[in-house]
Amino acid sequence: MDNDDNLIWEQKHDNDPEEYLNDLMWAHYADNHKGVCIKYHFNNDMTKFADEAKSQVAYFRDVEYTSDMDSYRKNGAINLQDAFFAKGKAWEYENELRLLSYDPKGTGDYASIDAKNSIVAVYFGLKCPKDQQTEIMDILKGRKWVSEKSVWDVAKHSFANIKEEHPVEFFQMEVDKTHFGKLKAVKYGDL
């Protein structure tokens with residue numbers, strides 16, 4: 001929380017760069033820089049907990065990285081949390097956050113995830129074709145992402161939710177010529 005009691009986002013590890021600066025992520029998940037990285041912002045109302053009215057549960061949780069994955073094999077069983085949120089230590093560079101959504105009542109109904117108005121930015125890889133960049137920017141033209149924060153309303157003696165709209169931003173990844181072996185994101189319009 002900050003001085004105004006607003007929730008603030010913190011990286012999992014103090015020395016971690018933003019994920020879009022991670023070379024391995026580009027190599028493994030974006031076809032060696034031919035793809036894109038999309039940054040999302042999900043509001044708290046996306047998290048759902050089971051109750052009588054709902055049959056869906058959805059929540060975010062950080063992946064925990066362990067060097068002892070063999071313990072799961074030896075035990076012959078694994079609990080729900082470890083099944084979905086444990087991963088080998090070699091993958092720690094991913095700094096992964098997962099969304100788990102399931103139906104604890106087993107009704108067979110599956111809800112879709114409402115992710116509209118949640119794309120914050122698109123980062124185009126070093127080798128992402130210009131025609132694909134143009135197509136993506138055209139699709140997202142005029143779109144906004146929405147953030148929410150709770151502030152104390154002194155007059156009403158209660159919290160009020162304030163929604164703010166922000167434009168989707170676009171960045172081109174480039175080799176950082178001032179820092180050997182590093183990447184940088186240059187905002188479209190600043191190119």
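The model shown is predicted, which means the values in this text are computed figures rather than measured ones.
- Between Tyr188 and Phe124, the ring-plane angle classifies as perpendicular under the 30° and 60° cut-offs.
- Minimum interatomic distance between Leu21 and Ala185 (heavy atoms only, all atoms of both residues): CD2-N, 4.4 Å.
- In terms of hydrophobic clustering, with Ile, Leu, Val, Met, Phe, Trp and Tyr side chains grouped at heavy-atom distances under 4.5 Å, Phe180 and Val175 are assigned to different clusters.
- For Arg98, the side chain to side chain contact (heavy atoms under 4.5 Å, CB included) test picks out Val63, Phe85, Lys87, Glu96, with sequence neighbours left out.
- Clustering ILVMFWY residues whenever any of their side-chain heavy atoms sit less than 4.5 angstrom apart, transitively, puts Met137 in the very cluster that holds Ile119.
- Counting side-chain heavy-atom gaps under 4.5 Å among Ile, Leu, Val, Met, Phe, Trp and Tyr, Val146 is found in no cluster with other residues.
- Remark: Leu99 CG to Phe60 CZ distance equals 4.5 Å, nearest 0.5 Å.
- Residues Arg61 and Gln81 form a side-chain contact, since some pair of their non-hydrogen atoms from C-beta on lies under 4.5 Å apart.
- Distance check, rounded to the nearest 0.5 Å: OG of Ser118 to NZ of Lys144 gives 15.0 Å.
- The shortest distance between side-chain heavy atoms of Leu183 and Trp26 falls below 4.5 Å.
- When all heavy atoms are compared, the tightest approach of Asp23 to His33 is OD1-NE2, 4.4 Å.
- Counting only heavy atoms from C-beta outward, the side chains of Glu19 and Asn95 approach each other to under 4.5 Å.
- Using a 4.5 Å heavy-atom cutoff, the side chains of Val36 and Cys128 are in contact.
- For the atom pair His166 NE2 and Asn117 CG, the distance stands at 11.0 Å (nearest 0.5 Å).
- In summary, the side chains of Asp176 and Thr178 do present a donor paired with an acceptor at a separation below 3.5 Å, with no hydrogens or angles considered.
- Residue Lys39 holds its NZ atom at 9.0 Å from SG of Cys37, rounded to the nearest 0.5 Å.
- Judged by distance alone, with hydrogens and angles left aside, the side-chain atoms of Asn22 form a donor-acceptor pair with the main-chain N or O of Tyr93 at under 3.5 Å.
- In this model, no donor atom of one side chain and acceptor atom of the other lie less than 3.5 Å apart for Ser158 and Asp153.
- Two residues are said to be in side-chain contact when any heavy atoms from C-beta on lie closer than 4.5 Å; Glu169 and Lys187 meet this criterion.
- A donor and an acceptor atom, one from each side chain of Tyr123 and Gln172, are nowhere located under 3.5 Å apart.
- Between His41 and Trp145, the two ring planes are tilted [angle within 30° to 60°].
- Applying the side chain to side chain contact (heavy atoms under 4.5 Å, CB included) rule to Ile78 yields the partners Tyr72, Asp82, Ala83; only residues at least two apart in sequence or on another chain are considered.
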Intermediate values then yes/no, side chain to side chain donor-acceptor pair (under 3.5 Å), Glu94 and Tyr65: CA-CA 10 Å; Glu94 290 184 342; Tyr65 301 95; 4.6 Å; no
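- Environment of CD in Glu135: sparse, with no more than 12 heavy atoms of neighbouring residues, nucleotides or ligands closer than 6.0 Å.
- A single hydrophobic cluster is seen to contain both Ile136 and Tyr40, as judged by linkage of ILVMFWY side chains at heavy-atom distances under 4.5 Å, directly or through other members.
- Between Phe171 and Tyr20, the two ring planes are parallel [angle under 30°; tilted spans 30° to 60°].
- Two residues are said to be in side-chain contact when any heavy atoms from C-beta on lie closer than 4.5 Å; Lys127 and Asp31 fail this criterion.
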Test side chain to side chain contact (heavy atoms under 4.5 Å, CB included) applied to Phe170 and Gln133, step by step: CA-CA 9 Å; Phe170 301 96; Gln133 292 182 28; over 6 Å; no
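- Taking 4.5 Å as the limit, some side-chain heavy atom of Tyr102 sits within range of a side-chain heavy atom of Tyr59.
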